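Down below is the structure, laid out as structure tokens.
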Protein chains: 2
Amino acid sequence: MRLTTKGRYAVTALLDLAIHADQGPVNLADISRRQGISLSYLEQLFAKLRRSELVCSIRGPGGGYRLGRKPQSIRIAQIIDAVNESVDATKCQGKGNCQQGETCLTHHLWQDLSEQIHDFLGSISLSDLIARSEIKRIAQQQDKRHEMLTPPELDGARIAATFLQ
Amino acid sequence: MRLTTKGRYAVTALLDLAIHADQGPVNLADISRRQGISLSYLEQLFAKLRRSELVCSIRGPGGGYRLGRKPQSIRIAQIIDAVNESVDATKCQGKGNCQQGETCLTHHLWQDLSEQIHDFLGSISLSDLIARSEIKRIAQQQDKRHEMLTPPELDGARIAATFLQ
DNA sequence: CAAAAGTTGACTGAAACAGTGGGGTATCAG
DNA sequence: CTGATACCCCACTGTTTCAGTCAACTTTTG
Ligand code: FES
Ligand code: FES
């Protein structure tokens, strides 16, 4: 089992996407700025998310990504499965044969743990996360800090400042 | 968060140790044979387990390792903590500052998950595992397969066969 | 058409994992 | 005393994954 930045980034990005869904398609450059994730790395992750049909893409100017389904039916476990190999904690991938074809002493323990984690992450949907008050607050601060590039007229100096940090 | 062979091996080895505790100190070579874990690798793991006082060692011929405490009070979470860095699932190690000092969108989710895993692994002790019927059965088969080198008189040819597989 | 966006693939440095090897040192049986 | 047995310690290595970069596409809109 492994849970690293990869899975965390994927969930963060999808949550950002869900929060800004009402403003039309969201492009990766915005997510990259707001969440501090490398743009190229995001592209890799979204390629996998698209293959799992968790998001769909709209190409061309004004395009971006949209959620593939309703936020209520997107579970955290599915997001992690899409980018990571799985949250399985056993060595044998549940086959029970990691010791020369025999079941090892601790197989059942890891199987129970896997089930526990999967149930937990499977019980939480994107909309559950959006509903949490702390998350709303954090998202607003992030929007404010990056000054909403879409609604007002774009200001060249300000964009340059954003890119050059 | 990561849960790999390292933590699994540590739990497996300690469980083997607990099962064979009634026959005096258990040496690593026996654990290595029974559980199919590299001897040198086991030594590294036991160095850490000893530092955490989960086991104590007896040197010299007839020596080996013994549990540092009663099996009831050794929790799986402690074993994994001893060899692995931790089962924390957050990026910030619980500090809430992984985005340039600010709390990231998904911090609370990972914190909840960490707590969930820690509670689960912290609620299970070595003696809980020993009590499970499947584990008793598997341990008996392992003992049988490796022919109990201690009780009967040692047979040169048989030992050679074991070493040469 | 040109610019904005997504799409794809190859590539990289760093870290961790899983394991090997070789030299120790304490202890006990004979 | 001596040598075998076991733990102890440290340096090293091949492989994999992560996290990220770079460059060259294609599609779509204004
Ligand atoms: S983890 Fe499944 S048999 Fe060992
Ligand atoms: S995981 Fe704690 S702040 Fe991001």
Side-chain angles (χ1 to χ4, degrees), chain A residues 1-10 12-13 17 24-33 35-52 54-66 68 80 83-86 91 98-99 149-150 154 156 159 163, chain B residues 1-10 12-13 17 20 23-33 35-52 54-66 68 80 83-87 91 98 149-150 154 156 159 163:
Chain A
M1 205 226 134
R2 70 200 104 112
L3 179 50
T4 61
T5 323
K6 203 172 189 171
R8 278 193 291 257
Y9 279 178
T12 306
L17 194 60
V26 181
N27 68 349
L28 293 189
D30 285 348
I31 300 182
S32 167
R33 270 193 298 274
Q35 306 304 332
I37 306 175
S38 143
L39 177 59
S40 305
Y41 200 38
L42 271 180
E43 285 173 347
Q44 283 181 44
L45 297 180
F46 271 77
K48 294 187 180 187
L49 293 174
R50 205 173 63 89
R51 261 172 247 140
S52 306
L54 290 173
V55 297
C56 59
S57 65
I58 294 117
R59 306 183 80 161
Y65 285 94
R66 218 191 279 272
I80 293 178
V83 294
N84 235 4
E85 303 298 16
S86 82
K91 187 183 188 181
C98 81
Q99 200 176 177
L149 292 181
T150 24
L154 295 181
I159 294 176
F163 273 95
Chain B
M1 203 228 132
R2 71 200 103 111
L3 178 52
T4 61
T5 322
K6 202 173 190 169
R8 278 192 291 257
Y9 278 177
T12 306
L17 193 58
H20 298 88
Q23 299 154 26
V26 182
N27 66 351
L28 294 188
D30 285 348
I31 300 182
S32 168
R33 270 193 297 274
Q35 306 303 332
I37 306 173
S38 143
L39 177 59
S40 305
Y41 200 39
L42 270 179
E43 285 176 344
Q44 286 180 43
L45 296 180
F46 271 76
K48 295 188 179 186
L49 294 174
R50 205 172 60 91
R51 261 172 246 141
S52 305
L54 291 173
V55 296
C56 59
S57 65
I58 295 117
R59 304 182 81 163
Y65 285 95
R66 219 191 279 273
I80 294 178
V83 295
N84 235 4
E85 303 298 15
S86 81
V87 291
K91 188 183 188 179
C98 82
L149 291 182
T150 25
L154 295 180
I159 294 176
F163 274 95

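Naming: A, B, ... by sequence-line order, numbering from 1 per chain. Not measured: the values here are computed from a predicted model.
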For the student: nearest non-hydrogen atoms of [X] and [Y], plus distance:
X	Y	result
B/Leu39	B/Ser32	N-OG, 3.8 Å
B/Phe46	B/Ile31	CZ-CD1, 4.1 Å
B/Leu3	B/Arg8	O-NH1, 4.2 Å
B/Lys91	A/Thr5	NZ-CG2, 3.7 Å

Could you check how far [atom1] of [X] sits from [atom2] of [N], rounded to whole Å?
X	N	atom1	atom2	value
A/Leu28	D/dG20	CG	C1'	15 Å
A/Arg33	C/dA5	CZ	C1'	13 Å
A/Arg66	C/dA5	CZ	P	15 Å
A/Gln35	D/dA19	CD	C1'	17 Å
B/Leu3	C/dA16	CG	C1'	14 Å
A/Tyr65	D/dT28	OH	C1'	14 Å

Results of side-chain contact (heavy atoms from CB on, under 4.5 Å) for [X] - residues two or more places apart only:
X	result
B/Lys6	B/Thr4, B/Tyr41, B/Leu45, B/Lys48, B/Asn84
A/Ala29	A/Asn27, A/Arg33
A/Arg66	A/Pro25, A/Cys56, A/Ile58
A/Gln99	A/Cys104, B/Gln35, B/Gln142

**Study point:** Contact state string [nucleotides 18-25 of chain C, B base, S sugar-phosphate only, - no protein heavy atom under 4.0 Å]
**Key:** BBBB--BB

Practice item. Answer yes or no: does a side-chain N or O of B/Arg50 lie under 4.0 Å from OP1 or OP2 of D/dC9? Key: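 Looking at the OP1 and OP2 atoms of D/dC9, one of them is under 4.0 Å from a side-chain N or O of B/Arg50.
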
Exercise for review: Please check the phosphate of D/dC18 (OP1 and OP2 only) for any side-chain N or O of A/Arg2 closer than 4.0 Å.
Suggested key: yes

**Study point:** Inter-axis angle, terminal five-pair segments of the helix from C/dC1-D/dG30 to C/dG30-D/dC1 [nearest 10°]
**Key:**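 Taking five pairs per end, the axes differ by 10°.
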
